[in-house]
Amino acid sequence: MLRAASYLFALALLAVVVVALLMVAGVVPAQRSSVLGGIIAAEATNGSSQPAPTVTPIDRPVSFDGLRPGVTEAFGLRDGLVVLQVIYDGTVEPFSASLRLLDDPNAEPIAPVSIIPPLNREGGASAQITRAGSYVLDVELAEGEWVVTISQPGDVGGAG
């Protein structure tokens with residue numbers, strides 16, 4: 001009887017540890033688990049958080065490509081003009097993308113660009129970057145191959 005109770009306790013403890021690891025990894029949201037989630041969430045906010053990696057501003061044009069909507073890896077932009085050049089090989093669905101500041105996802109999109117095939121296959125946009133930092137290209141609509149090249153004047157081989 002004591003042996004069965006020990007096994008049940010060990011299984012329960014293992015289940016708690018697995019759920020805790022899944023919550024820390026982000027697989028299971030902490031707010032969905034009552035007491036344990038609160039403890040882990042408190043530890044995550046009170047513990048030593050790792051700083052976000054710094055992203056070096058681009059010094060040459062950078063290109064991203066894809067087939068569908070999505071968000072690219074982060075890249076750095078410095079204050080000043082930024083130019084986006086787009087080639088889109090969609091059939092009838094429009095293409096829409098913009099730059100977004102990585103540390104402020106609620107900020108207004110920067111340099112939005114839209115292409116509506118079959119009339120257009122190429123497009124572009126430019127904007128003034130007033131806040132140097134880490135940015136991502138957020139492709140909101142796309143149903144076909146696309147390539148976006150991002151440059152800033154003074155880049156090696158870039159615009160300007």
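Heavy-atom minimum distance, L137 versus A97: CD1-CB, 4.1 Å. The two residues A74 and V136 make their nearest non-hydrogen contact at CA-CG1, 3.9 Å.
Distance CG/L101 to OG/S134: 8.0 Å, rounded to 0.5 Å. Here the OG-CZ distance, from S151 to R60, works out to 12.5 Å after rounding to the nearest 0.5 Å.
With contacts defined as side-chain heavy-atom distances shorter than 4.5 Å, the pair W146/V139 qualifies. Contact check for I150 versus F75: side-chain heavy atoms found under the 4.5 Å cut-off. For the pair V86 and F95, the minimum side-chain heavy-atom distance is below 4.5 Å. Side-chain contact between D138 and L99 is absent, with no heavy-atom pair separated by less than 4.5 Å.
Every residue meeting the side-chain hydrogen bond (donor to acceptor under 3.5 Å, both in side chains) condition with S63, not counting sequence neighbours, appears here in chain and number order: T149. In this structure, the salt bridge (Lys or Arg N to Asp or Glu O under 4.0 Å) partners of E140, at least two apart in sequence or on a different chain, are R100.
Evaluation of the side-chain hydrogen bond (donor to acceptor under 3.5 Å, both in side chains) test over residues 64-75, restricted to residues two or more places apart or in two chains, returns R68-E143.
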Would you tabulate the side-chain donor-acceptor contacts of residues 109-133 under 3.5 Å, counting partners in other chains and residues two or more places apart, or write 'none'?
unit_1: R121; atom_1: NH1; unit_2: G90; atom_2: O; d: 2.2
unit_1: R131; atom_1: NH2; unit_2: D103; atom_2: OD1; d: 3.4
unit_1: R131; atom_1: NH2; unit_2: D103; atom_2: OD2; d: 3.3

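A continuous path of ILVMFWY side-chain contacts below 4.5 Å connects F64 to L84, so both sit in one hydrophobic cluster.
Listed for the Q152 side chain is a donor-acceptor partner under 3.5 Å among the backbone atoms of L81.
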